[in-house]
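Written below as structure tokens is the structure these notes are about.
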Amino acid sequence: INDSNTLEYTRFQDTDRTGGYYREFDYQTLSEEDRTGTFPNISKSTTDVDIFKYTGYLNDALTFSTVWGRARTSNLEFNPLNSGNPYISGAGNQDPALNGGRPIRNDQPDLYSKAPDAGSTTHGLRMDLQYRLGNHELTAGVDNMTYRGNNEGQSMTGPGHAWIYSRGNPGASPSPGFGIAPPGGNGYFVQKYIFSTTTSMSVKQRAYYLEDRWQLTPDWLLTLGLRNDRFTNFNSDGRAYVESGDQWAPRLGASWDVFGDASLKLFANLGRYYLALPNSVAIRGASASTYTREYFTYTGIDANGNPTGLTPLGPGPVSANGEYGQAPDPLAVAPTDLKSQYQDELILGFEKTLGSRWNTGGKVTYRQLQSAIDDTCDADRFVDRLAGMGLDADTFDLPGCVIFNPGGTNTFQLRHRDGSGYTPVSMSSTDWGYDGKKAKRQYVALDVFIEHPMANGWYGRLDYTWSRSFGNTEGQV
């Protein structure tokens with residue numbers, strides 16, 4: 001714009017596509033043969049990113065900058081041979097008296113797909129105000145981000161359900177816990193299977209920070225910082241199921257120009273880092289999902305493998321996890337005292353010139369997990385805990401899956417089935433079956449590099465990293 005004001009715009013697109021095809025295989029000769037004409041699902045992800053940056057040099061000591069960005073991603077998954085027919089599973093278990101002794105299938109190649117408009121949008125805004133005061137470079141800023149997922153998760157191909165043919169003991173229930181009657185006859189029955197986790201959700205991050213880069217001497221630079229992050233996760237109904245509250249993270253850094261000529265620099269950084277709960281936990285865990293089976297006997301099978309002459313064996317669709325298409329109660333999904341996940345990090349390193357044409361350096365990184373968040377799907381643990389409290393689990397709506405701090409103690413609000421309110425239930429590490437063990441993870445890494453800066457028409461850099469993790473938890477949900 002002018003010498004004191006600049007405006008930048010960046011745009012790029014990234015596309016990732018995965019596909020394939022199937023071939024016949026001869027097990028006698030262990031060789032591939034011709035293509036079968038069928039395909040695995042094709043996945044295609046396209047991301048468009050737009051970034052605007054403004055910088056204003058207000059005076060010799062004061063600078064203001066702001067960055068606004070947007071990323072739009074489409075997540076497609078489809079099969080070129082998808083049809084309107086339901087997927088047929090277990091065709092080998094069809095009653096041979098009804099299919100002529102030969103399994104009847106159809107042209108539906110796959111069980112699952114994605115919604116055609118599945119995708120996400122991310123908006124980010126960062127503003128910084130930098131002021132030079134003597135030997136101090138002071139910076140204050142905000143760092144906000146909003147993520148929205150649209151129809152993410154899985155859906156089913158065809159009409160939205162599949163048929164699973166099965167055979168069992170004629171006199172035994174296929175699922176006695178739901179009051180399913182025995183199939184009788186020769187034990188043949190069929191299940192109408194529905195599984196859909198397609199949902200929309202969002203995450204909001206709000207942060208602000210202060211930083212002081214203090215030039216103690218010409219050779220020593222000390223960096224002091226403090227950052228506060230707040231995260232809020234929303235389910236498919238737009239209701240918050242996790243709100244982090246204030247999360248204060250101190251940072252400290254130092255660097256030393258050993259000889260005062262920039263030929264050797266030693267540096268160290270120590271800081272705390274909070275992590276937002278992944279948005280993926282809203283898929284099935286905290287948002288509406290459907291996972292049901294409905295049991296029937298049948299008297300016929302049509303040309304597309306659909307059972308005909310259906311007689312129900314039970315009360316209708318049943319779900320082991322209570323997933324009937326409704327969003328779980330946010331108060332039950334996450335405990336009222338959920339602690340944020342964070343880790344502390346220490347970095348020690350150096351950078352050195354090698355003559356006038358090469359640079360080299362290395363650093364050691366150590367991270368220690370201080371608090372973890374994970375999920376678990378074991379409603380029977382609530383049943384045992386309620387029994388120990390002298391309460392009847394049948395009088396509560398028990399969540400199928402919950403978010404918790406593994407190794408810690410959390411309090412969940414369980415809703416009364418009669419609508420009369422909630423009962424707080426405290427669950428410890430022992431209650432979850434972890435024998436009081438704490439979540440632990442330590443990470444150690446060594447990074448080294450050698451670099452040829454751009455000179456004489458070429459640039460080159462070689463990096464090597466060795467790393468290892470120790471503990472009993474891999475990471476977030």
Do you see a donor-acceptor pair shorter than 3.5 Å between the side chains of Ser420 and Asp418?
-> yes
When you measure from the side chain of Gln215 to the backbone N and O of Trp220, does any donor-acceptor pair fall under 3.5 Å?
-> yes
Report, as yes or no, whether the 6.0 Å neighbourhood of atom NZ on Lys363 holds more than 12 heavy atoms from other residues, nucleotides or ligands.
-> no
Would you say Ser113's side chain and Thr157's backbone share a donor-acceptor pair under 3.5 angstrom?
-> no
How close do Pro453 and Asn359 get, heavy atom to heavy atom, and via which atoms?
-> CG-ND2, 3.4 Å
Above 12 or not: heavy atoms from other molecules or residues under 6.0 Å from CG of Asp3?
-> no
Heavy-atom side-chain proximity of Leu414 to Leu398 below 4.5 angstrom | yes
What's the spacing between Asp229 CG and Phe231 CZ if we round to 0.5 Å?
-> 4.0 Å
Spatial distance of atom NZ (Lys440) from atom OG1 (Thr473) [nearest 0.5 Å] | 12.0 Å
Kindly write out the residues that satisfy ring pair (Phe, Tyr, Trp, His ring centres under 6.0 Å) with Tyr241, not counting sequence neighbours, or none if the list is empty.
-> none
If you draw the axis of the six-membered ring of Tyr273, does the NZ or CZ of Arg251 fall within 45° of it and under 6.0 Å from the ring centre?
-> yes
Checking salt bridge (charged side-chain N to carboxylate O under 4.0 Å, His left out) for the pair Arg417/Asp394: CA distance, chi angles, key distance, verdict?
-> CA-CA 8 Å; Arg417 286 189 174 175; Asp394 291 336; 5.1 Å; no
Indicate whether the side chain of Tyr366 and that of Asp344 have a donor and an acceptor atom separated by less than 3.5 Å.
-> no
Note, Asn405 side chain near Ile373 side chain (heavy atom, < 4.5 Å) = yes
Would you say Ser287's side chain and Ala327's backbone share a donor-acceptor pair under 3.5 angstrom?
-> no
Flag, side chain of Ser429 to backbone of Lys437, donor-acceptor distance under 3.5 Å | yes
If you measure from OG on Ser289 to CD on Glu323, what distance do you get to the nearest 0.5 Å?
-> 3.5 Å
Reference residue Phe382; test ring pair (Phe, Tyr, Trp, His ring centres under 6.0 Å); the match among Phe396, Phe404, Trp432 = Trp432
Might you work through the side-chain hydrogen bond (donor to acceptor under 3.5 Å, both in side chains) test for Asp378 and Thr376, ending with a clear yes or no?
-> CA-CA 6 Å; Asp378 192 353; Thr376 183; 5.5 Å; no
Does a donor on one side chain and an acceptor on the other come within less than 3.5 Å for Thr217 and Asp219?
-> no
Taking NZ, NE, NH1 and NH2 as the nitrogens, is one of them in Arg70 or Asp50 under 4.0 Å from a carboxylate oxygen of the other?
-> yes
Would you find more than 12 non-hydrogen atoms of other residues, nucleotides or ligands less than 6.0 Å from Arg206 atom CZ?
-> yes
Is a salt bridge present between Glu77 and Lys114, judged by a nitrogen-to-oxygen distance below 4.0 Å?
-> no
Close side-chain approach of Glu152 to Asn75, heavy-atom, < 4.5 Å = yes
Where is the tightest heavy-atom contact between Ala240 and Phe234, given as atom of each residue plus distance?
-> N-CD2, 3.7 Å
Where does the angle between the aromatic ring planes of His123 and Trp68 fall among parallel (under 30°), tilted (30 to 60°) and perpendicular (over 60°)?
-> tilted
Going through the checks in order, is the side chain to side chain contact (heavy atoms under 4.5 Å, CB included) test met by Val364 and Leu346?
-> CA-CA 8 Å; Val364 175; Leu346 173 65; over 6 Å; no
Going through the distances and angles, do Val318 and Tyr324 end up as a side chain to side chain contact (heavy atoms under 4.5 Å, CB included)?
-> CA-CA 8 Å; Val318 296; Tyr324 293 100; 4.2 Å; yes
With side chains defined as the heavy atoms from C-beta onward, is the minimum distance between Ile51 and Val67 less than 4.5 Å?
-> yes
Ala288 backbone acceptor or donor facing Asn235 side chain under 3.5 Å | no
Leu125/Val142 under side chain to side chain contact (heavy atoms under 4.5 Å, CB included): CA gap, chis, key distance, verdict | CA-CA 8 Å; Leu125 173 66; Val142 297; 5.5 Å; no
Indicate whether any N or O donor in one side chain lies under 3.5 Å from an N or O acceptor in the other, for Thr73 and Thr47.
-> yes
Return the set of residues passing side chain to side chain donor-acceptor pair (under 3.5 Å) with Asp257 (not counting sequence neighbours), or none when no residue passes.
-> none
Please assess Asp16 against Lys44 for the test salt bridge (charged side-chain N to carboxylate O under 4.0 Å, His left out), listing each intermediate value before the final yes or no.
-> CA-CA 6 Å; Asp16 182 61; Lys44 182 179 179 181; over 6 Å; no
Heavy-atom closest contact (Asp261 atom, Ser263 atom, distance) = OD1-OG, 2.6 Å
Please check if the side chain of Thr197 supplies one atom and the backbone of Gln154 the other of a donor-acceptor pair under 3.5 Å.
-> yes
Quick one: pull up OG in Ser155 and CZ in Phe195 and give me the separation to the nearest 0.5 Å.
-> 10.5 Å
Do Thr199 and Met201 have side-chain heavy atoms sitting under 4.5 Å apart?
-> yes
Would you find a donor on one side and an acceptor on the other, under 3.5 Å apart, between the side chain of Ser200 and the backbone of Asn151?
-> yes
Kindly say whether Val383 contributes a backbone atom to a donor-acceptor pair with the side chain of Asp380 at under 3.5 angstrom?
-> no
With no hydrogens and no angle check, is any side-chain donor or acceptor of Gln370 less than 3.5 Å from a backbone partner on Tyr342?
-> no
Mark yes when over 12 heavy atoms from residues, nucleotides or ligands other than Arg468 sit less than 6.0 Å from its CZ; otherwise mark no.
-> no
List the atom of Thr409, the atom of Lys339, and the distance in Å for their closest heavy-atom pair.
-> O-NZ, 4.1 Å
Would you say the side-chain atoms of Asp375 pair up with the backbone N or O of Ile403, donor to acceptor, closer than 3.5 Å?
-> no
Check whether any side-chain heavy atom of Gln108 lies under 4.5 Å from a side-chain heavy atom of Asn82, and answer yes or no.
-> yes
Tyr9-Phe52 aromatic ring centre distance below 6.0 Å | yes
Just wondering, more than 12 heavy atoms not from Lys53 lying within 6.0 Å of its NZ?
-> no
Mind running salt bridge (charged side-chain N to carboxylate O under 4.0 Å, His left out) on Glu137 and Arg213 for me, showing each step along the way?
-> CA-CA 5 Å; Glu137 184 179 276; Arg213 291 170 56 85; 3.5 Å; yes
With a 4.0 Å cut-off, would you call Asp60 and Arg132 a salt bridge?
-> no
Pairwise side-chain contact, Tyr131 with His136, heavy-atom cut-off 4.5 Å (strictly under) | no
Quick one: closest heavy-atom pair of Gln205 and Arg227, and the distance?
-> NE2-NH2, 3.5 Å
Within-4.5 Å side-chain heavy-atom neighbours: Asp212 and Thr223 | no
Which heavy-atom pair separates Pro328 from Val333 by the least distance, and what is that distance?
-> CB-CG2, 3.5 Å
When rounded to the nearest 0.5 Å, the distance separating CZ of Phe470 from CZ of Arg441 is 13.0 Å
How many angstroms lie between CG in Leu62 and CG in Leu129, if you round to the nearest 0.5 Å?
-> 5.0 Å
